[in-house]
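In the text below, chain A, chain B and the rest are named by the order of the sequence lines, each starting its count at 1.
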Amino acid sequence: MQRLPIARRTRPGGLAVAGALLTVLAMFFGVSGASAQVPSAPSNVEGKTFTIGTDTTFAPFEFRDSSGELVGIDMDIIRAVAKSQGFTVQIKSLGFAAALQALSSKQVDGVIAAMSITDERKKVYDFSDPYFDSGVQMAVAKDNTDIKGYADLKGKTVTAKTGSEGESFAQSIAGRYGFTVKPLDQSATMYELVKSGNAAAVFDDYPVLAYGVSQNNGLKTVTKKEAGGSYGFAVNKGQNAELMAAFNTGLAELKDNGQYQAILDKYLKSPQDTVSADSSFWALLVSSMPALLKGLQNTVVVTLISFAFAMLLGLFFGFLKVSHNIVSRGVATTFVNIFRGTPLLVQAFFFYFGLPQIIGQPVNIWVAGVLTLSLNSAAYVTEIVRGGIQSVDPGQLEASRSLGLGYGTSMRRVVVPQAFKIMTPALINQLVILLKDSSLLLAIGFAELLYQGQQIYSNNFRISETLLIVAAMYFIVIMILTKLSNIVDKRFNK
Amino acid sequence: MSEQAHPARPGENSGSTDPGSKISVRGLKKSFGTNEVLKGIDVEVADGEVVCVIGPSGSGKSTFLRCLNKLEDITAGSVLVGGIDLTEPKVDLNKVRQQIGMVFQHFNLFPHMTVLENITLAPVELKKQTKEQARQSGMDLLKRVGLEEKADARPASLSGGQKQRVAIARALAMNPGIMLFDEATSALDPEMVGEVLQVIRDLAAVGMTMVVVTHEMGFAREVADRVIFMADGVICEQGSPEEIFSHAQQSRLQDFLAKVL
Ligand SMILES: Nc1ncnc2c1ncn2[C@@H]1O[C@H](COP(=O)(O)OP(=O)(O)OP(=O)(O)O)[C@@H](O)[C@H]1O
Ligand SMILES: [Mg+2]
């Protein structure tokens with residue numbers, strides 16, 4: 001919900017920018033962005049597997065329950081449709097904009113992400129029949145008994161998300177009912193404002209509000225929803241026609257047999273068991289730990305693998321940097337400049353969304369993550385290695401060479417061991433930075449620790465407590481890592 | 001050994017090479033950028049000869065010495081060691097350097113290795129000896145410089161004089177035919193100079209060919225077969241210790257000696 005859910009459904013601007021960026025990158029690498037796609041012959045979908053992209057967290061449409069399972073209206077519908085039509089789906093939880101980028105780069109076959117059907121989007125995508133009718137609704141604090149309708153808002157202040165349908169609806173009736181609208185960027189802030197009494201009401205998307213209320217977020221609805229846009233399942237225009245046909249057939253079946261209504265009720269009516277009676281910090285800690293530990297494991301594994309590659313690459317380029325050959329030095333300097341001179345996030349997006357367009361096939365998220373972190377970190381390790389080698393007294397190399405030992409042997413036996421001793425603190429520091437930077441991979445939907453934390457707090461609304469737990473876990477792991485590194489350092493550099 | 005035939009003074013025999021020469025330097029020039037540090041050096045060092053190089057600071061003594069094992073690139077001229085021209089592009093420098101031991105003013109011991117490892121590194125890496133043989137001959141070398149009990153110590157725990165004796169043992173490990181010393185005692189406390197000079201003296205006694213850059217005039221007088229006085233990148237004067245120290249010809253040498261003696 002902290003991803004501006006409404007804005008994303010009404011304004012395709014972000015996608016256009018991302019698409020343009022990818023096109024520019026593709027041109028930069030001398031490759032046409034328009035890769036030839038073999039049109040899949042419309043045939044039966046039975047037995048096939050489709051990869052479906054979705055948002056990371058947009059309750060109640062897609063989010064992770066306390067066991068870490070991806071659930072929600074979108075998830076239940078696509079899975080139910082798949083089951084009834086006899087195909088299997090592989091869900092990729094990427095983030096809204098990222099899912100659409102993945103669709104463009106053919107990393108996924110379709111996207112279901114509470115996306116409203118707009119004329120502009122229809123130019124790029126084929127949409128299914130609408131599977132959800134959204135709309136704007138008003139909510140007030142749970143214990144508020146004064147406000148029963150728009151008329152009670154006279155002279156008061158309400159809030160809504162900046163640029164959203166909720167805001168435009170609120171503005172449209174503000175004059176008639178005599179209230180003022182204070183737009184905010186964050187859902188959590190809006191709700192806090194209402195609960196604290198600083199705003200009388202909030203205008204937000206009906207499903208979001210309904211789900212929040214069902215989760216005891218401290219609000220209640222007192223008016224009916226205002227009719228609004230409809231959500232659809234999307235594929236690239238002119239592609240995957242058989243998948244689209246199957247979705248529509250399946251959806252119609254679900255509506256007929258009542259499964260569809262059951263799914264909606266599950267998320268929008270009945271209170272969820274996730275917010276159980278026990279709302280203590282301890283209960284949160286226990287219930288969130290499995291998912292967080294899974295995330296922590298991914299964080300540590302991706303960090304260690306990336307660091308190993310970063311060391312190898314950094315040593316290689318570091319040696320090039322101190323070599324006497326001007327071409328080698330130029331190669332190493334270029335490498336460092338590219339990966340130190342561009343943001344990590346751009347690199348992550350490039351490897352995950354851009355690279356597939358260039359090579360014409362999907363890139364595994366682990367590969368993209370490790371590529372990003374190891375190349376970025378290798379640029380810094382290169383400089384550490386260069387500095388380390390150059391800080392070793394040149395007399396050491398001379399003494400070794402004067403004995404008749406070659407350059408390679410002299411470096412290996414004499415210079416590098418001493419350089420390592422000098423470099424160790426900086427390398428440990430780099431490892432810690434790498435581990436912290438790995439949290440940025442959540443932007444491409446890599447299920448690391450912070451990503452898992454986001455999934456949890458967008459589900460239970462306990463942002464500060466969840467983030468504290470996540471921060472504590474990072475802190476503990478970094479402490480352990482630092483201690484271990486220091487022990488290793490003492491062992492080898494005694 | 002003191003009855004060696006001394007090669008002629010600079011300029012006098014630029015043509016032929018004494019076949020007995022271990023080192024033969026002709027027309028050696030060395031520039032750092034535009035700064036010409038060696039301006040044409042001609043010198044022959046015979047087998048078993050001990051040549052001491054003296055001269056004021058900045059005159060190019062170290063640079064000259066470092067050209068003899070090509071730690072410095074040579075700008076012009078030639079340097080022949082054991083008949084091999086180091087300025088030839090194809091020459092295997094590592095092979096040649098195994099024939100030349102070098103001792104530095106600041107020892108340049110490898111601090112991450114024990115004393116014995118410092119000595120055995122080259123023989124083992126270059127597959128001249130097995131680990132066991134290298135250890136054995138390393139211990140022999142340490143005995144020779146009087147430091148066998150320090151075999152497993154780290155260089156950091158040694159005194160300056162001990163460090164330099166280890167450095168000499170290390171330089172001897174490849175069994176070189178030539179030893180180069182660049183102010184081996186200049187960084188030492190005065191009470192430690194003697195022990196290092198004694199080791200060099202012992203080497204002279206067994207007939208090692210040596211080029212010794214030194215500020216120890218007494219030592220040069222005692223050990224050298226020939227003394228070379230360098231100034232401003234040229235050999236200004238050379239001769240037997242007697243000739244140099246007692247019958248200096250040129251005023252520059254006389255001035256220099258007046259300052260240091
Ligand atoms: N690597 C270098 N780059 C530039 N100039 C150098 C370099 N090494 C030496 N020189 C210069 O060459 C000249 C001769 O230096 P060198 O060290 O050979 O003198 P030296 O006779 O050994 O002096 P000292 O008695 O002080 O050791 C000096 O002017 C010095 O500044
Ligand atoms: Mg010098």
Side-chain angles (χ1 to χ4, degrees), chain A residues 311 314-315 318-319 321-329 381 384-428 485-494, chain B residues 62 65-73 81 92-114 117-128 134 154-156 163-164 166-182 187:
Chain A
M311 286 296 299
L315 274 173
F319 274 109
K321 270 220 113 159
V322 296
S323 85
H324 296 293
N325 185 323
I326 186 159
V327 177
S328 306
R329 282 205 308 271
V381 173
I384 294 172
V385 168
R386 179 196 58 75
I389 289 175
Q390 287 180 346
S391 64
V392 174
D393 173 14
Q396 291 288 312
L397 181 59
E398 287 187 347
S400 178
R401 298 305 308 269
S402 78
L403 289 168
L405 295 168
Y407 179 80
T409 311
S410 300
M411 290 303 270
R412 184 169 53 82
R413 294 300 313 271
V414 175
V415 177
V416 172
Q418 296 182 58
F420 255 107
K421 190 170 183 164
I422 300 165
M423 289 178 328
T424 308
L427 287 176
I428 293 174
S485 308
N486 285 333
I487 291 171
V488 172
D489 178 25
K490 290 228 174 68
R491 267 281 151 75
F492 285 98
N493 293 330
K494 58 180 186 272
Chain B
S62 296
L65 205 64
R66 293 157 58 82
C67 285
L68 297 184
N69 63 355
K70 225 181 161 210
L71 279 184
E72 298 288 355
D73 284 326
V81 174
D92 183 354
L93 278 178
N94 294 334
K95 270 260 154 55
V96 177
R97 284 175 180 151
Q98 290 167 34
Q99 283 306 304
I100 311 171
M102 187 165 201
V103 177
F104 301 86
Q105 180 175 358
H106 296 289
F107 330 126
N108 299 2
L109 291 179
F110 308 135
H112 58 301
M113 299 179 185
T114 65
E117 284 166 349
N118 263 274
I119 297 169
T120 57
L121 174 70
V124 172
E125 279 292 333
L126 295 167
K127 308 253 185 307
K128 280 274 147 112
R154 293 269 169 168
K163 281 181 191 162
Q164 197 59 298
V166 172
I168 295 171
R170 179 179 70 179
L172 289 169
M174 292 302 292
N175 212 3
I178 300 168
M179 287 288 282
L180 309 177
F181 291 84
D182 190 2

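- Within a 6.0 Å radius of CG in A/D393, more than 12 heavy atoms belonging to other residues, nucleotides or ligands are found.
- Here the closest heavy-atom approach between residue A/L405 and residue B/L126 is recorded as CD2-CG, 3.7 Å.
- With a 4.5 Å cut-off on non-hydrogen atoms, A/S402 touches chain B through its backbone and its side chain both.
- Of the listed residues B/A167, B/A171, B/P111, the one with more heavy-atom pairs under 4.5 angstrom with chain A than any other is B/P111.
- Across every non-hydrogen atom of B/F110 and A/A399, the tightest pair is CE2-CB, 4.0 Å.
- Within residues 173-181 of chain B, the residues having any heavy atom less than 4.5 Å from a heavy atom of chain A are, in residue-number order, B/M174.
- Heavy atoms closer than 4.5 Å to chain A are found in both the backbone and the side chain of B/R170.
- Inter-residue side-chain proximity for A/R401 and B/N94 is flagged as met; some heavy-atom pair is nearer than 4.5 Å.
- Proximity to chain B is absent for every atom of A/S410, based on heavy atoms less than 4.5 angstrom apart.
- Across all non-hydrogen atoms, the minimal contact from B/H112 to A/P417 is CD2-CB, 3.5 Å.
- Residues that satisfy the salt bridge (charged side-chain N to carboxylate O under 4.0 Å, His left out) test with B/E125, not counting sequence neighbours, are A/R412, A/R413.
- Only the side chain of B/L71 comes within contact range of chain A, with at least one heavy atom under 4.5 Å from a heavy atom of that chain.
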